[in-house]
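Since the structure comes first, as structure tokens, the remarks are kept for the end.
We use all heavy atoms of the structure for the numbers below, so side chains are in, but hydrogens, waters and symmetry mates are not. Everything numeric here is computed off the predicted structure, so don't read it as measured data. Here is the naming used below: chain letters follow the sequence lines, and residue numbers restart at 1 for every chain.
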There are 2 protein chains.
Amino acid sequence: MESGSRRVGRPRRLSREAILRSAERILTEEGAEHLSMRRLAKDMSSTPMALYHHVKDKDELLLLLLELRTGRLPPAELPREPRERLLAGARSLHEMLATCPWAVDALTPDGRVSAPARRIVETMIDAAVDCGLNPDRARHAYGVIWNYTLGELLVRFNRERARRQGDSTPWERAMRSLDPVAFPLLAGLGGQLTEIAGAGHYQRGLEAVVDGLLRQGVA
Amino acid sequence: MESGSRRVGRPRRLSREAILRSAERILTEEGAEHLSMRRLAKDMSSTPMALYHHVKDKDELLLLLLELRTGRLPPAELPREPRERLLAGARSLHEMLATCPWAVDALTPDGRVSAPARRIVETMIDAAVDCGLNPDRARHAYGVIWNYTLGELLVRFNRERARRQGDSTPWERAMRSLDPVAFPLLAGLGGQLTEIAGAGHYQRGLEAVVDGLLRQGVA
DNA sequence: ACCTGAACACCGTTCAAGT
DNA sequence: ACCTGAACACCGTTCAAGT
């Protein structure tokens, strides 16, 4: 809403919205490693310090960007059956965050970074209760699912990053130097990493995790 | 072993070992955020570039530090019963990495960063096979356990970091602004976070994850 | 062979001043 | 009220030179 009093002082050239738009563009077009206050200012033909008039600091900027992205997704349609609802909740949390590799630090606590995320988390715990867990166990179950989800995202993000910057990360090196005689089973993992990281992988693991939690809770 | 030929050129003042010792000290006494090539050089009364004669770059330095730490732990005694062996393997991986919050990036791929870690991973997959999973499923199971473990570590690390630097992270703020009427179950999580992150939490979740995976695999 | 010094190309943020 | 410019206190790394 417009303020009743007339504006005073210098007219604004920047705005929080414009800043977020520019930041979002750098993020998608050039990747998080190129998003800096200085770079962003240059992009907007302004100075670094002008930005600090619209956001508290870089942390706040990233948080706002995260809320912007996760808030844009349409609210998930959740099935009625409680186990399915729990699975669907986890999947949409996973999906929602899969586009924000740069926000891992903000994500870590528990996935409650934006209003839509909060809704999903609440729904998941609720679904767990409907599956027969008491509230404490339901919250614990959510925590385990969150840990699994975050771990999966992290592995995925880092692999993508490695791919982008030409392949030879510590992990790739360790993989190549692995003796397949001493480590026959582990060596198999190496060749499979791509497939393992594929679309169905998270889902299949998630079902195991959820079923394990539900059995533990109702036993 | 000593080289047969006499040393030529300038005598060395630095050595990889001395560098690692200094870095290790900074890491434990001041935290990872204070470990920089410049700081490290200053600590050793040398120059940043002297370090590059002994390690390729900062990434390699961190990797060496990780191997140093994880390699120091005594090899875990693993129980004979396969399910227990799988659990014990995961626990010792978890324990081993719990002291290296600064190495998350190197960890991400799959926990095979050091020789002892490789042994444990191989043992875990082997244990999963002994539980009745085929090698593919066993590897997948390991992947899920790793994701869960890594996620748990990450949440733990970030919470500790938040504690250290005075409490008010994005997550804490989001927690305070949470409406307990709209989110009764989620709000409960807030109050419980410390307990949930306690010692038994990882273990309890791990059992659920493992049992879920085993059931999925042998069904 | 091992080390130094200066330089390059960056960071986030503070502070005092301008309009 | 909003923005600028200069400065502070850092980064990792390259490159040419010294002993």
Side-chain angles (χ1 to χ4, degrees), chain A residues 2-23 26-27 30-65 102-103 105-106 161 165-166 168-170, chain B residues 2-23 26-27 30-65 102-103 105-106 161 165-166 168-170:
Chain A
E2 298 278 293
S3 157
S5 62
R6 271 198 300 116
R7 292 199 177 284
V8 293
R10 231 188 216 214
R12 45 167 78 219
R13 299 187 41 229
L14 268 43
S15 68
R16 183 172 270 209
E17 290 70 42
I19 291 173
L20 289 175
R21 259 200 310 278
S22 273
I26 295 180
L27 230 36
E30 291 163 69
E33 63 276 26
H34 291 101
L35 178 59
S36 72
M37 300 303 268
R38 296 177 112 103
R39 173 83 173 69
L40 182 53
K42 198 164 279 173
D43 245 45
M44 309 192 73
S45 321
S46 181
T47 59
M49 286 319 299
L51 302 176
Y52 286 81
H53 238 264
H54 302 265
V55 293
K56 193 180 149 285
D57 52 21
K58 199 187 176 181
D59 260 28
E60 192 185 84
L61 177 67
L62 290 178
L63 202 70
L64 289 167
L65 285 167
W102 41 270
D105 281 359
R161 187 164 52 112
Q165 47 185 236
S168 203
T169 53
Chain B
E2 298 277 289
S3 157
S5 62
R6 271 197 300 116
R7 293 200 176 285
V8 292
R10 232 187 218 219
R12 47 167 76 218
R13 299 187 41 229
L14 267 43
S15 70
R16 184 172 270 208
E17 290 70 43
I19 290 173
L20 290 175
R21 259 198 311 277
S22 274
I26 295 181
L27 229 38
E30 292 162 69
E33 64 276 27
H34 291 101
L35 179 60
S36 73
M37 300 303 266
R38 297 177 112 103
R39 173 83 171 70
L40 181 53
K42 197 164 280 176
D43 244 45
M44 310 191 75
S45 324
S46 182
T47 58
M49 285 319 298
L51 302 176
Y52 285 82
H53 238 266
H54 302 265
V55 294
K56 193 179 148 286
D57 52 21
K58 199 187 175 182
D59 259 28
E60 191 185 84
L61 177 67
L62 290 177
L63 202 71
L64 289 168
L65 285 167
W102 41 270
D105 280 359
R161 187 163 53 112
Q165 47 186 237
S168 203
T169 54

Margin query: According to salt bridge (charged side-chain N to carboxylate O under 4.0 Å, His left out), who are the partners of B:Arg38, at least two apart in sequence or on a separate chain?
Written below: none
Next item on the list: Applying side chain to side chain contact (heavy atoms under 4.5 Å, CB included), name anything that partners A:Leu40, two or more places apart in sequence or on another chain.
Entry: A:Ile19, A:Ser22, A:Ala23, A:Ile26, A:Leu35, A:Met44, A:Leu51, A:Leu61
Next item on the list: Check whether any side-chain N or O of B:Asp57 sits under 3.5 Å from a backbone N or O of B:Glu60 as a donor-acceptor pair, and report yes or no.
Entry: yes
Next item on the list: Respond yes when some side-chain nitrogen or oxygen of A:Ser46 is under 4.0 Å from OP1 or OP2 of D:dT4, and no when none is.
Entry: yes
Next item on the list: Check the distance between D:dT4's C1' and A:His54's NE2 and give it to me in whole angstrom.
Entry: 13 Å
Checklist line | Under 4.0 Å protein heavy-atom contact, by nucleotide of nucleotides 11-16 of chain C - B base, S sugar-phosphate only | finding: BBBBB-
Next item on the list: May I have all residue pairs that pass salt bridge (charged side-chain N to carboxylate O under 4.0 Å, His left out) and include part of residues 44-53 of chain B, sequence neighbours excluded?
Entry: none
Note to self: Give me each pair satisfying salt bridge (charged side-chain N to carboxylate O under 4.0 Å, His left out) with a member in residues 44-53 of chain A, each pair once, sequence neighbours excluded.
What the structure shows: none
Next item on the list: Please list, chain by chain and in numerical order, all residues satisfying side chain to side chain contact (heavy atoms under 4.5 Å, CB included) with A:His53, sequence neighbours excluded.
Entry: none
Note to self: Can you tell me if A:Arg13 touches the phosphate of D:dT4, counting only side-chain N or O atoms and a distance under 4.0 Å to OP1 or OP2?
What the structure shows: yes
Note to self: What is the separation between atom CG on A:Leu40 and atom C1' on C:dC10, rounded to the nearest whole Å?
What the structure shows: 16 Å
Next item on the list: Could I get the full list of side chain to side chain contact (heavy atoms under 4.5 Å, CB included) partners for A:Ser15, not counting sequence neighbours?
Entry: A:Arg12, A:Glu17, A:Ala18
Next item on the list: Write down the distance between CD1 (A:Ile26) and C1' (C:dC10), rounded to a whole number of angstrom.
Entry: 15 Å
Next item on the list: Please report, rounded to the nearest Å, how far the P atom of C:dA1 is from the CG atom of B:Leu14.
Entry: 17 Å
Notebook entry, point to check: If we take the C1' atom in both C:dC8 and D:dC11, what is their distance in whole Å?
Noted result: 12 Å
Note to self: Taking Watson-Crick (N1-N3 plus N6-O4 or O6-N4) and G-U wobble (N1-O2, O6-N3), each under 3.5 Å, can you produce the dot-bracket string of DNA chain D? Use [ ] for crossing pairs and | for inter-strand ones.
What the structure shows: ||.|||||...|||||.||
Next item on the list: Applying side chain to side chain donor-acceptor pair (under 3.5 Å), name anything that partners B:Asp43, two or more places apart in sequence or on another chain.
Entry: B:Arg25, B:Arg39
